[in-house]
Amino acid sequence: MSNQTKIHSALAEAMSARSYITLTPVQEAILKIEDANSDLLVSAQTGSGKTLAFGISIANTLLAEKMEFDRPKIPLAIIIAPTRELALQVRKELEWLYVRTKAQFASCVGGMDPRAERRTLESGAHIVVGTPGRIRDHIERGVLSLSDIKAVVLDEADEMLDMGFREDLTFILGKAPVERRTLLFSATVPTQIVKLAKTYQKESVRISVSSKKSQHLDISYHAIKIQPSDRDKAVINLLRYHDVSGAIVFCNTRAAVTHLASRLTNRGFSVVALSGELSQKERNFALQSMRAGKANVCVATDVAARGIDLPNLELVIHADLPQSNEAMLHRSGRTGRAGRKGVSVVLIPNRNFKKVERMFESNGIEPSWVTPPSADQIIEKDRISLLKSELLTSPADASEVEIAQRIMQKFPIEAIASAFVRSQMAGKSAPEELTVSNAIGPADFSNSSWFELSVGYRDNAEPRWLVAMLCRVGNMDKSLIGDIQIHNSLTFVEIASNGVQQLLAEIGPDFLLEEKIQIKQMQAAPERIQLVRKRKFSSSRRSSNHAGSSELSSKKNVKLSLENKKKSKSKKSKAVSGELDFKKNKRKPKKANTEKTHFQNQAVHKKAPHDLKVGQSNQSQDNKRKAIAFRQSGKNKTKKRKISTTMGGGRAPLRRSKF
C-alpha cells in the first residue's frame, strides 16, 4: 500500500484486511502533511473518502505508539456531523477502521433514546460521534465531559452552519481543551467557514483537493430544458429510460415531495419519501427500504437528504432547481461515491435557463445538453433490454425442459414470445409524451438567422411584447432571441442558430404568428438604419441639423414657457397682495412718526383740512390712485409707503406720491 508508513500500523492492517489498496486524493493529501498534529481545514468533494481521511489523521494523535486503547473512561475524540444518518454512517466506517485498536464508540444523535446514550457514556467511550444538538445536551447535563479531548472533527462543517448549528458548535468548541486538534472537513469553504477556522484553529493547514472550478470526475452532468408543466413527466421518463436500481429525486418543499412521490407511486414505481416532517422511525424505515432493494426511488428535500449514503445510487434528478451553487454539489454528491459512477440530471424550466447556466459556470461544470427521453427512445431501449435478458441467454435447466417442450407443442412461438414480453414489462410505467424542444444548450449566435415580421412602429410594435410573443408561439427561451430592429411597417429579429429549427417547427407552414402577423426567414442580415421611425416635427425643429439639437431646443422652449408662467403668476400674486395692503392701510393707517419735528407737524396740521376735503369730495381721484397702485405694486418692492395723519386727531387721506 502506498504511503503505508505514515498510517498507524493497526489501521493499516484493518485496511489491508478489507483489500483497501488505493487511496483517494484527499487521503493521500492528509498523509503528505509534515506535522501530523497540526489543525486541518480540508475542502473535498462529497463522497471522496473524507471519513477515512480524518480517521487516519487522528489515529496517531489518539494512540501515539500504542497499538490498542486503554480501558475507556473519558472520551479522547469527538466527531460532529450535521445529521443522524451521517453520524451513524461515520461511526460505522470508523468501527471497521479501528477494529484492531479495541476502540469503544458512542453515538449521540437526535431521535434516539437519550437514556441509552447516557449509559454508554457513563460506561466509557474513546470516540464519540454525534450531532451538535444532542452532544450539547449531554454536556449541559454533565453526562459528557470534554476535559481529555485530544481531537475535535467537524464533518460537513458548511452544512452544519447552513442548518443553524453555529451556536451549538461554538458551545462545544468552547468546552473542549485549548490544547487540542481541530479538523474541519467541508465540501465547500465559504466565508463563514474561514471565520470559524480563524477563531478555533491554530495555524491550520489548508488542503483543497477539489477546486471550486473543477468537476467531479465520477459524475456525469446532464442538462435538460423543459416546459414547467412537463416536470413530472420528465422525471417519469428519466426513471424509465435509465432503469437504475437506485435513484434520488430532489424537490425544494415538503409539498412538492408529497406530490411527486404520490405521482410516481401511482405510475408503478417503488418510492419512499424523505422530508422534515417524518419521525426518526419513519426515516429509518425509508432508508432501510432503499438499502434492501424494496424501493428504488427516493424523493427528498435538501435538508432531509443531507448526509445519507445510499448504496448503488446511480441517478440524481433535480426536479426543482437547487437554491445555491453549494446545494447543487451536495445533491449531486449523493452519487458517484467511493469510485462508482453516477449521473446527475438537472431539469431546467425555460425561464430559469440563465440562472442554471451561471450555476454550472460557478461550479466549473460542463454539462451535456440533451433532450428529455422520448416515448420512442424508451420503448426502443426496452426492446434492446429484452433481447439481452439473461432469461433468454442462460442455458435451460433440466427441470425446465419438459414443461418448455409441452408449451412449444401447445402454443405457437408468437404467443410464447408475447407472453414473455408481457411478463417482463408488467409493472413498468408507460412513457409520457413531452413537449419537444429542439433548442439545446446555450444560445449560439455565431451562425444566427434573421426573421422578418409584418409589424412595425405604426402597429405599436415594442420589443417587450415581441419577445413574449415569440417565446410563447415558438416554445423557446428568450435567450435565443438576439437583436431586434423595429421599422415603420416591418420588424427584423435575430434568432440563435440552435433555436431556428424550433421556431420553424412551431409556426408551421402558414408562417403566421398571433393576430395574423406574418413571419418569414431572411437570406441575409438586414442593413442597419440609424433612424427608421418617422416623427412629426415643428418648423423650428425641422431646421435643426440633427435630432439632438431638436430635442435640446424643445427642452429649452418648454423651460422658457414654464418660467414665463411662473413670472406671470408671481406678478398677479404680488399685485393682489399690494391691493390688499392698500385697503388695509386705508382702513387702519399707521401712526405718525414721533421723531418728526415740530415744524413738520405744524405743516401737516395746516394742510390736513384741505386734503381731507379733497379726499372726501373727489372720488375719481381716489380710484385713480387705486389703479396706479395695482399696476405698479410689483415693480417697486423695497420702497416704503408714506402715511401721514393729522395732529388734531383727524385722519388725513392716504398719500402715495411715489410708487
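In this chain, numbering begins with 1 at the start of the sequence shown.
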Indicate whether the side chain of [X] and that of [Y] have a donor and an acceptor atom separated by less than 3.5 Å.
| X | Y | answer |
| --- | --- | --- |
| Glu159 | His330 | yes |
| Ser204 | Asp39 | no |
| Arg180 | Thr182 | yes |
| Arg267 | Ser429 | yes |
| Ser107 | Arg134 | no |
| Ser208 | Ser43 | yes |
| His126 | Asp70 | no |
| Thr61 | Asn37 | yes |
| Ser344 | His222 | no |

Atom [atom1] of residue position [X] - does it have more than 12 heavy atoms of other residues, nucleotides or ligands inside 6.0 Å?
| X | atom1 | value |
| --- | --- | --- |
| Lys381 | NZ | yes |
| Lys198 | NZ | no |
| Glu167 | CD | no |
| Lys73 | NZ | no |

Taking the side chain as every heavy atom from C-beta outward, state whether [X] and [Y] have any atom pair closer than 4.5 Å.
| X | Y | value |
| --- | --- | --- |
| Lys294 | Ser270 | no |
| Leu287 | Arg291 | yes |
| Ile80 | Asp168 | no |
| Glu156 | Lys50 | yes |

Please name all residues satisfying ring pair (Phe, Tyr, Trp, His ring centres under 6.0 Å) with Tyr98, sequence neighbours left out, ordered by chain then number.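 Testing Tyr98 for ring pair (Phe, Tyr, Trp, His ring centres under 6.0 Å), a comparison that skips the adjacent residues, returns none.
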Okay, side chain of [X], backbone of [Y]: is any donor-acceptor separation there less than 3.5 Å?
| X | Y | answer |
| --- | --- | --- |
| Ser123 | Thr120 | yes |
| Arg181 | Ser57 | yes |
| Asn237 | Glu432 | yes |
| Gln27 | Thr24 | yes |
| Gln201 | Leu40 | yes |
| Asn266 | Ser262 | yes |
| Gln104 | Ile127 | no |
| His242 | Val244 | no |
| Ser16 | Ala12 | yes |

Quick one: ring pair (Phe, Tyr, Trp, His ring centres under 6.0 Å) pairs with a partner in residues 140-197, sequence neighbours left out?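 For residues 140-197: Phe54-Phe185.
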Would you compute the distance between atom [atom1] of [X] and atom [atom2] of [Y] and round it to the nearest 0.5 angstrom?
| X | Y | atom1 | atom2 | value |
| --- | --- | --- | --- | --- |
| Ile30 | Leu183 | CD1 | CG | 7.0 Å |
| Ile317 | Cys298 | CD1 | SG | 12.0 Å |
| Thr335 | Ile219 | OG1 | CD1 | 6.0 Å |

The test is side chain to side chain contact (heavy atoms under 4.5 Å, CB included); show your working for Leu196 and Leu154 and say whether it passes. CA-CA 11 Å; Leu196 187 68; Leu154 272 63; 4.1 Å; yes
Could you work out, with side chain to side chain contact (heavy atoms under 4.5 Å, CB included) as the rule, every residue matching Arg141, not counting sequence neighbours?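 Testing Arg141 for side chain to side chain contact (heavy atoms under 4.5 Å, CB included), a comparison that skips the adjacent residues, returns Arg118, Asp137, Val143.
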